[in-house]
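Each remark here refers to the structure printed beneath this line.
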Amino acid sequence: DTAVSQTPKYLVTQMGNDKSIKCEQNLGHDTMYWYKQDSKKFLKIMFSYNNKELIINETVPNRFSPKSPDKAHLNLHINSLELGDSAVYFCASSQDPGTGGDTQYFGPGTRLTVL
Amino acid sequence: GNSVTQMEGPVTLSEEAFLTINCTYTATGYPSLFWYVQYPGEGLQLLLKATKADDKGSNKGFEATYRKETTSFHLEKGSVQVSDSAVYFCALSNSGYSTLTFGKGTMLLVSP
């Protein structure tokens, strides 16, 4: 009964390839997020979706394209992978995007390694 | 813009020692403040939060008080355990779309 799940957990690929990471939440939340955690553990927001609509895009290169087929899923597709894309990517969800005090629930992370 | 500053780690303590991890923030308006914890190999879990000035968040023996006058939200625990070894993140969100701005994280290592 995992609340926020991500697949795959590990992803190793070559530079220039295209890959996708999937995220699903079963909490009934309206808002989902992608965060990137670099090698120094620093976490930064990438995207936020509310009810399948993009509401936040934090100057992420357009090689990254999120897709939300329904409000329980938010996938991340990455084109032309670069070495600097190596990181841990976390999906998260929350109920209400409007109040600022809402708890976000995080998935277990996907460790992407680009060779 | 928003920013969060945490003390650098690692913080190394013996079991039953007192813990303080400092966190200060810069934000417009009245942000909500959070502490998240990341155990090795896992995702982030909410540890505690406070949504207005002078609120105290608490959970699992950890506490933090939202101090608007000093723009701080320091994490404390009276007696740490080996199982508390993890990375602790201070974070804030403003009203709007709840995206979290994180500090750089502080690794806590507790030895028996």
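Naming: A, B, ... by sequence-line order, numbering from 1 per chain. This structure is a prediction, so every number in the text was calculated from the model and none was measured.
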### Query
Should we say atom CZ of B/Phe18 is surrounded by more than 12 heavy atoms from elsewhere, each under 6.0 Å from it?
yes

### Task
For A/Lys52, look at atom NZ and say whether over 12 heavy atoms of other residues, nucleotides or ligands are found less than 6.0 Å away.
no

### Task
Please say whether more than 12 non-hydrogen atoms of neighbouring residues, nucleotides or ligands are located less than 6.0 Å from CD in B/Glu69.
yes

### Query
Counting only heavy atoms not in B/Glu16, do more than 12 sit closer than 6.0 Å to its CD atom?
no

### Query
How far apart are the closest heavy atoms of B/Gln38 and A/Phe90, and which atoms are they?
NE2-CZ, 3.3 Å

### Query
CZ/B/Phe89 to CD/A/Gln37 distance, rounded to the nearest 0.5 angstrom?
5.0 Å

### Task
First locate atom CG of B/Leu100, then atom OG of A/Ser94, and finally report the distance between them rounded to the nearest 0.5 Å.
8.5 Å

### Euclidean distance, A/Asp102 CG relative to B/Lys49 NZ, rounded to 0.5 Å
6.0 Å

### Query
Counting only heavy atoms not in A/Lys9, do more than 12 fall under 6.0 Å of its NZ?
yes

### Query
For B/Leu44 and A/Phe106, which heavy atoms make the closest approach, and how far apart are they?
O-CB, 3.4 Å

### Task
Any chance you could measure A/Ile45, atom CD1, to B/Phe102, atom CZ, to the nearest 0.5 Å?
8.5 Å

#### Entry: Engaged part of A/Lys40 at the chain B interface, taking heavy atoms whose separation is under 4.5 Å
backbone

### Query
Near A/Tyr105 OH, under 6.0 Å, is it more than 12 heavy atoms from other residues, nucleotides or ligands?
no

